[in-house]
Amino acid sequence: MKYVRDIPFKEFVDSHHKAVDEDLAELRRTNEDADVPLIFTETEEILGLLTGLTHPSRILEIGTAHGYSSLFFAKKLPYAHITTIERNPVMVEAAKAEFASRKEGERIDFRVGDASEILNELVSELSDADETEKFDFVFIDAAKSHYREFFEAAEKICTKDALIACDNILLKGWIVEAEGRDAKRHRTSIKYMKQFLEYLQQRDDLEVSILTGADGLAIIRFINEK
Ligand SMILES: C[S@@+](CC[C@H](N)C(=O)[O-])C[C@H]1O[C@@H](n2cnc3c(N)ncnc32)[C@H](O)[C@@H]1O
């Protein structure tokens with residue numbers, strides 16, 4: 001069986017990708033040239049479709065890197081506010097510069113630190129908040145071993161109609177077949193990602209869609225009242 005390792009059809013999908021604007025296209029090129037992690041074009045398109053249909057006004061993102069996906073949300077949804085979390089100091093400096101040099105940066109609340117701690121702060125900040133102050137779209141794209149923890153914190157601070165999208169759930173196909181040296185190096189992430197997906201499956205109050213495009217994206221919504 002052929003797995004996702006080299007992202008099938010990537011060139012084809014990339015060749016059909018339309019960037020939101022030339023500034024974002026250039027940011028994608030510079031991120032890709034410098035090997036900075038960022039969402040695949042296919043993931044970007046799914047996120048664009050979902051947010052275009054649901055019109056979120058408060059987006060929470062876990063995992064900023066150089067700020068590509070935060071700026072994508074901010075440009076795509078000109079009325080939305082984005083809170084994004086990053087802990088790596090090198091990434092933080094780069095993202096700060098990207099946000100500071102664009103008007104969209106004014107709608108981005110950049111929280112620096114470990115996502116577990118920042119999420120705890122956000123849970124405290126929003127504990128008495130009403131639905132209008134909570135997040136209506138969450139994008140989880142950080143430490144792959146911590147998705148369950150991120151998800152459980154995020155669900156406390158999002159609206160009942162929110163969507164939560166989790167990137168890289170296939171882990172280059174290792175989630176199905178973990179072979180070779182690279183898979184061995186990532187065995188902890190693989191183990192925890194499998195447990196996270198099983199946990200989602202066991203929850204009767206969630207509708208979970210597993211998409212296998214790019215590196216896999218899980219899209220979750222709440223069926224029952226939270
Ligand atoms: C895949 S990159 C994010 C890419 C970004 N969403 C984009 O598409 O432009 C993941 C980022 O999450 C950060 N990260 C990983 N674990 C984290 C944690 N526990 N707290 C905060 N940031 C974390 C990493 O430093 C890395 O920059």
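Quick note: residue numbers are just sequence positions, from 1. Ligands are counted one by one from 1 in listed order, and the atoms in each one are counted from 1 as well.
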At under 4.0 Å between heavy atoms, which part of Thr64 makes contact with ligand 1: side chain, backbone, both or neither?
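Thr64 to ligand 1: backbone contact only, side chain stays beyond 4.0 Å.
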Per-residue contact class, Arg87 against ligand 1 - non-hydrogen pairs under 4.0 Å:
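Arg87 to ligand 1: contacts from backbone and side chain alike.
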Near [X], which atoms of ligand 1 are under 4.0 Å from a heavy atom of that residue?
| X | answer |
| --- | --- |
| Gly113 | 20 (N), 21 (C) |
| Asp114 | 18 (C), 19 (N), 20 (N) |
| Leu38 | 7 (C), 8 (O), 9 (O) |
| Tyr68 | 9 (O) |
| Ala115 | 18 (C), 19 (N), 20 (N), 21 (C) |
| Asn88 | 25 (O) |

Within the 6.0 Å centroid threshold, strictly below: Tyr192 and Tyr147:
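They do not qualify: ring centres at least 6.0 Å apart.
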Nearest to [atom], what protein heavy atom do you find, and at what distance?
| atom | value |
| --- | --- |
| atom 5 (C) of ligand 1 | Ser69 OG, 3.3 Å |
| atom 12 (O) of ligand 1 | Gly63 CA, 3.4 Å |
| atom 14 (N) of ligand 1 | Ala142 CB, 3.7 Å |
| atom 15 (C) of ligand 1 | Ala143 N, 3.3 Å |

As a quick check of understanding, evaluate side chain to side chain donor-acceptor pair (under 3.5 Å) for Asp161 and Thr159, giving each step before the final call.
CA-CA 5 Å; Asp161 295 322; Thr159 65; 5.7 Å; no
[X] versus ligand 1: do any nitrogen or oxygen atoms come within less than 3.5 Å of each other?
| X | answer |
| --- | --- |
| Gly67 | no |
| Asp141 | yes |
| Met91 | no |
| Glu86 | yes |
| Ile39 | yes |

Ring-face cation contact, Phe196 with Arg148, 6.0 Å cut, 45° max
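Because its charged atom misses either the 6.0 Å distance or the 45° angle limit, Arg148 does not stack over Phe196.
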Any salt bridge linking [X] with [Y]? Criterion: basic side-chain nitrogen under 4.0 Å from a carboxylate oxygen.
| X | Y | answer |
| --- | --- | --- |
| Asp141 | Lys144 | yes |
| Arg29 | Glu32 | no |
| Arg203 | Glu155 | yes |
| Arg87 | Asp114 | yes |
| Asp23 | Arg102 | yes |

Knowing that exactly one of Glu86, Glu125, Glu117 qualifies, which makes a salt bridge (charged side-chain N to carboxylate O under 4.0 Å, His left out) with Arg111?
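That would be Glu125.
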Just wondering, are more than 12 heavy atoms of other shown residues or ligands nearer than 6.0 Å to CZ in Phe9?
no
Gln201 atom CD, over 12 foreign heavy atoms within 6.0 Å
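No.
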Does Ser70 come within less than 4.0 angstrom of ligand 1, counting non-hydrogen atoms of the residue?
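Ser70: no contact with ligand 1 (<4.0 Å).
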